[in-house]
Number of protein chains: 2
Amino acid sequence: MPATILIVEDEPAIAELVSLHCKHAGYSVKVAHAVLDARDIVDEALPDLIVLDWMLPDKSGIDFARELRKDDRTRDLPVLMLTARAAEDDKVRGLEVGADDYVTKPFSPKELMARIKALLRRAAPESSDEPVEVAGLRLEPAAHRVSGNGAELKVGPTEFRLLRFLMSRPDRVMTRQALLDGVWGDHVFIEERTVDVHVRRLRVALEPTGHDALVETVRGGGYRLRKR
Amino acid sequence: MPATILIVEDEPAIAELVSLHCKHAGYSVKVAHAVLDARDIVDEALPDLIVLDWMLPDKSGIDFARELRKDDRTRDLPVLMLTARAAEDDKVRGLEVGADDYVTKPFSPKELMARIKALLRRAAPESSDEPVEVAGLRLEPAAHRVSGNGAELKVGPTEFRLLRFLMSRPDRVMTRQALLDGVWGDHVFIEERTVDVHVRRLRVALEPTGHDALVETVRGGGYRLRKR
DNA sequence: CAGGGATGTTACGGCTCTGTGACACCGATT
DNA sequence: AATCGGTGTCACAGAGCCGTAACATCCCTG
């Protein structure tokens with residue numbers, strides 16, 4: 001599921017340029033030419049990041065950014081301000097208002113994309129260290145420990161990460177590739193069948209408390225952790 | 001009493017930007033435009049953190065950082081290096097010399113503030129002198145004594161600090177690096193494997209009362225002190 | 001019910017990580 | 001100088017873990 005970027009920019013040429021680069025980088029893109037449109041898009045489907053022009057036909061980008069900061073739903077939405085003004089003053093004002101970063105026109109697409117990636121990475125829901133519990137199965141990231149109904153379970157490192165990943169998205173079918181990406185990391189070259197083996201090892205590890213039944217096989221699809 | 005941050009930066013625009021954000025975050029701020037001024041301020045009123053530019057008119061920020069590391073009074077003063085250079089080389093040099101973190105220009109203020117907060121949090125003294133007790137194992141900081149179920153145990157200085165650190169965060173996996181930082185202090189360059197050796201020595205020291213089993217190994221993760 | 005693809009299960013060679021004992025260095029004390 | 005406790009590093013061996021292959025089973029399809 002790629003991140004969605006909303007571009008708010010009235011100059012078609014710039015909007016197109018940014019959009020193209022974002023798509024090329026694998027992001028899903030939406031474009032608005034005015035704050036009015038932008039607001040609709042934000043309401044309808046919350047994007048993961050907004051590239052916001054400073055000067056817009058109906059309202060200043062700064063006002064829109066300020067507006068976003070007031071709503072709980074959009075408070076933490078990263079905003080990258082795009083501006084023709086290079087005055088130090090504006091930078092300060094833009095950042096004070098709640099932009100997370102800014103780029104002045106003319107900008108290098110390379111730099112823009114680097115900033116976008118940086119913002120997205122920073123905003124990414126850091127795998128919280130809060131304990132997770134599903135159907136009596138408890139996983140404590142900080143302690144690196146798994147217990148079923150109170151009894152401690154011995155789980156290997158990879159199985160631990162696998163279980164954590166599954167527990168973070170219960171009831172959702174995960175393809176082998178998704179598991180490889182999420183547990184092993186993208187860009188690793190590992191046989192998909194290896195996932196099967198680790199799933200088995202995980203099941204064995206969970207057996208003492210009967211929680212092995214939580215890990216379900218979806219034939220032709222992948223694996224899923226039952227919520228209850 | 002808010003924490004005081006000293007900003008050492010010769011470019012007025014940047015100094016102002018950083019200063020503004022720091023004040024906005026509730027910190028007390030002092031600004032120096034050269035190392036000479038900075039030295040005075042540090043002597044007069046020790047700040048809680050220094051944001052230090054790499055290039056300064058009278059002396060390189062790196063030299064100043066190195067200087068700070070030599071004085072007992074400023075040894076543990078967190079330094080956040082601010083640099084236009086992004087070369088990997090400089091990064092390494094900066095950290096070697098004793099910067100605790102660095103941010104390259106241009107930076108996003110949000111990130112800068114996040115790092116500042118992180119550094120301040122990490123530097124916060126939390127070493128209470130209250131005795132700690134975990135699972136029958138008692139450690140008295142003031143008396144520099146460790147006892148298990150009443151019987152006194154002979155524990156070396158480093159092992160004592162190690163145990164104290166572990167006991168302050170029971171049930172939590174500590175990486176070797178975290179232990180190095182917490183027990184030996186940041187800025188030391190010691191092999192991670194050395195931690196293993198001291199853990200062993202600690203276990204041997206705790207053996208007489210069987211509390212050695214409290215110190216658990218988390219393969220690939222570090223060490224953890226069992227709470228019970 | 002036969003065929004074939006998908007998954008479960010087991011075994012194994014290779015590799016990484018950790019436990020452990022030895023050793024040299026250093027500063028303080030004698 | 002000699003001794004001694006404490007410390008950091010190293011080398012070696014054993015334990016644990018990993019990815020893969022190979023074989024066994026299961027399950028859908030026709």
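Below, chain A is the first sequence line, B the second, and so on; all start at residue 1.
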Provide the full list of ring-ring contact (aromatic ring centres under 6.0 Å, His included) pairs with a residue in residues 206-228 of chain B, sequence neighbours left out, each pair given once. none
First contact, last contact: which nucleotides of DNA chain D are these for chain A, 5' to 3', heavy-atom distance under 4.0 Å? D:dC17 to D:dC27
Expressed in angstrom and rounded to an integer, what is the separation of A:Asp196 atom CG from C:dA6 atom C1'? 9 Å
Among A:Lys227, A:Arg226, A:Arg172, whose salt bridge (charged side-chain N to carboxylate O under 4.0 Å, His left out) with A:Glu216 holds? A:Arg226
So, using salt bridge (charged side-chain N to carboxylate O under 4.0 Å, His left out) as the criterion, who are the partners of A:Glu133 when residues are at least two apart? A:Arg138
Rounded distance (Å) that lies between atom C1' of C:dT7 and atom CD of A:Glu191: 15 Å
Take A:Pro157 and B:Val195, find for each the nucleotide of DNA chain D with the closest heavy atom, and name the residue whose nucleotide sits nearer the 5' end. B:Val195
Nearest non-hydrogen partners of A:Val31 and A:Ile41, listed with the distance: O-CD1, 3.9 Å
Base, sugar-phosphate, or nothing for B:Glu159, non-hydrogen atoms under 4.0 angstrom? sugar-phosphate
In whole angstroms, how far is the C1' atom of C:dT9 from the CG atom of A:Asp212? 14 Å
Rounded to whole Å, CZ of A:Arg193 lies from P of C:dT7 at a distance of 8 Å
Suppose the criterion is salt bridge (charged side-chain N to carboxylate O under 4.0 Å, His left out): which pairs have a residue in residues 189-199 of chain A, not counting sequence neighbours? A:Arg176-A:Asp196, A:Arg193-A:Asp196
By salt bridge (charged side-chain N to carboxylate O under 4.0 Å, His left out) - contacts of B:Arg219 (at least two apart): none
Which residues pass the salt bridge (charged side-chain N to carboxylate O under 4.0 Å, His left out) test with A:Asp212, not counting sequence neighbours? none
Toward the 5' end of DNA chain C, by each residue's nearest nucleotide, A:Arg200 or B:Arg203: A:Arg200
Hits for salt bridge (charged side-chain N to carboxylate O under 4.0 Å, His left out) against B:Arg145, two or more places apart or cross-chain, chain-then-number order -> B:Glu140
Qualifying residues under side chain to side chain contact (heavy atoms under 4.5 Å, CB included), relative to A:His198, sequence neighbours excluded: A:Thr158, A:Glu159, A:Leu162, A:Trp184, A:Thr194, A:Arg201
Rounded to the nearest angstrom, tell me the gap between atom NE2 in B:His198 and atom P in C:dT18. 17 Å
Listed once per pair and sorted, the ring-ring contact (aromatic ring centres under 6.0 Å, His included) pairs that draw on residues 163-183 of chain A, sequence neighbours left out: none
Report the residues that fulfil side chain to side chain contact (heavy atoms under 4.5 Å, CB included) with A:Val218, sequence neighbours left out, ordered by chain and then residue number. A:Val173, A:Arg224
Between protein and nucleotides 23-30 of chain C, map the contacts as a letter string: B base, S sugar-phosphate only, - none, heavy atoms under 4.0 Å, written 5' to 3'. --------
Tell me what A:Val199 touches on the nucleic acid: a base, only sugar-phosphate, or nothing, going by heavy atoms under 4.0 Å. nothing
Would you mind telling me which residue lines up with the more 5' stretch of DNA chain D, B:Thr158 or A:Thr194, judged by nearest nucleotide? B:Thr158
Contact list please: residues 213-226 of chain B against DNA chain C, heavy atoms, distance less than 4.0 Å, in numerical order. B:Thr217, B:Val218, B:Arg219, B:Gly220, B:Tyr223
